[in-house]
Amino acid sequence: MLKSTIKAIEWKNDQLVLLDQRILPKSESYIICDDLSTVISSIKTMVVRGAPAIGIVAAYGVVISARSRRLNEMNVAQMEAYKCAVLGDLKQLALSRPTAVNLMWAVERMRQCFLDAYKEDFLIEILLNKAQEIHTQDIENNHYMAELASALMAKSTNKPFSVLTHCNAGSLATGGYGTALGAIRTAWKKNLIDCVYADETRPWLQGARLTAWELAQDDIPVCLNSDGAAGWLLANKNIKWIIVGADRVAANGDVANKIGTYNLAILAKYHGVKMMVVAPSSTVDMALSSGADIDIEMRTTQELTQISGLQIAPEGIDAINPVFDVTPADLIDAIVTEKGLIENPTTELMMKVFN
Ligand code: MRU
């Protein structure tokens, strides 16, 4: 867990306070969001990132929108205008990043709550309760998924083994504890794991900066590796599981996650290593029949051509920066959600759990 003094997302003194993940681990600095544009820019610029965390922040963002647009006394026409203005804000919020469906999931829950209660005197308290419920539930889900995931790992061997993870799917990326890192934390406590290999995760370096930082705080043995070293590691180290989070899971079990996850799944198949995805049901999008329909975010090519503002590639070079990829379901051994464990996912198995 993060030190108890560090909270990646906190509602404090009626404000949303976010740990700025862009500058970790160098410094622990916080951004206060008391207007919607700061919430939206914090999601877009990755002050906060990670699918469940983005959803939770968006939920608090709805509270901020509804509060800032409210007038003390409203006649019928003003009430309707208020409703339209907040619903417009919610549309903007839902567009702040495209791939993690937790964002749209949370905005939709908050939208329903707002529509049910926008005429109530206690609207803001009602919305805040809902956002806090989404936040708390996410942490509870993480712990439950970690139990399911570690029980599955325990079945595969009785000797300690290593795991490899990609990106950051830990406390920082969720309400707290983590999806993939939650599973790893619990498996470590059960003495199943001897070492966690953390892909650095180019270009944004979530693995080097965030996963390594989180695991080191827990005294879990963590070894950082370049993304390109994954094949060598699977061939030469005692890695039994690759464990990752997800940004969106389609109805057939295809998984969108941080760019490079698909490469890992292919490597895992070749080396007989198992591939596990840990994600709450808020990451599952049963409206999409396959991963081909998932909107993959393309980010600025400066993330590739520069490091900390320093140009490393030739000026003006052509570059492409898709930040997620889709791993086909048949390369995945298990999807772990709080609603249950799906081994060798197919549409039929997904429907049993999610319909
Ligand atoms: O671009 P990011 O850092 O928001 O991407 C995050 C990931 O891809 C994570 O692996 C995923 O959201 C799971 S987080 C529990």
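Both counts, for ligands and for their atoms, begin at 1 and track the order of listing.
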Q) atom 4 (O) of ligand 1: which of R97, H166, R299 has the nearest heavy atom? A)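 Selected option, by shortest heavy-atom distance: R97.
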(Q) Given K258, R49, Q21, identify the one with the heavy atom nearest to atom 1 (O) of ligand 1. (A) K258
Q) Under 4.0 Å from any heavy atom of F324, which atoms of ligand 1 are there? A) 1 (O), 5 (O), 8 (O)
Q: Show which atoms of ligand 1 fall inside a sub-4.0 Å distance from at least one heavy-atom site of A173.
A: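 Counting atoms of ligand 1 from 1, those under 4.0 Å from A173 are 14 (S), 15 (C).
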Would you call [X] and [Y] a salt bridge, taking side-chain N to carboxylate O under 4.0 Å as the test?
X: E200; Y: R209; value: no
X: D227; Y: R202; value: no
X: R109; Y: E133; value: no

Judging by distance only, is a nitrogen or oxygen of [X] under 3.5 angstrom from one on ligand 1?
X: A51; value: yes
X: Q206; value: yes
X: N257; value: yes
X: M46; value: no

**Q.** Nearest-neighbour protein heavy atom for atom 15 (C) of ligand 1, which is reported as residue plus atom name and distance
**A.** T179 OG1, 3.0 Å
Q: Around atom 7 (C) of ligand 1, find the nearest protein heavy atom and jot down its residue, atom name and distance.
A: D247 OD1, 3.2 Å
Q | Heavy-atom side-chain proximity of V278 to L148 below 4.5 angstrom | A | no
Q. How does P52 reach ligand 1, by side chain, by backbone, by both or by neither, if only non-hydrogen atoms under 4.0 Å count?
A.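 Only the side chain of P52 comes within reach of ligand 1.
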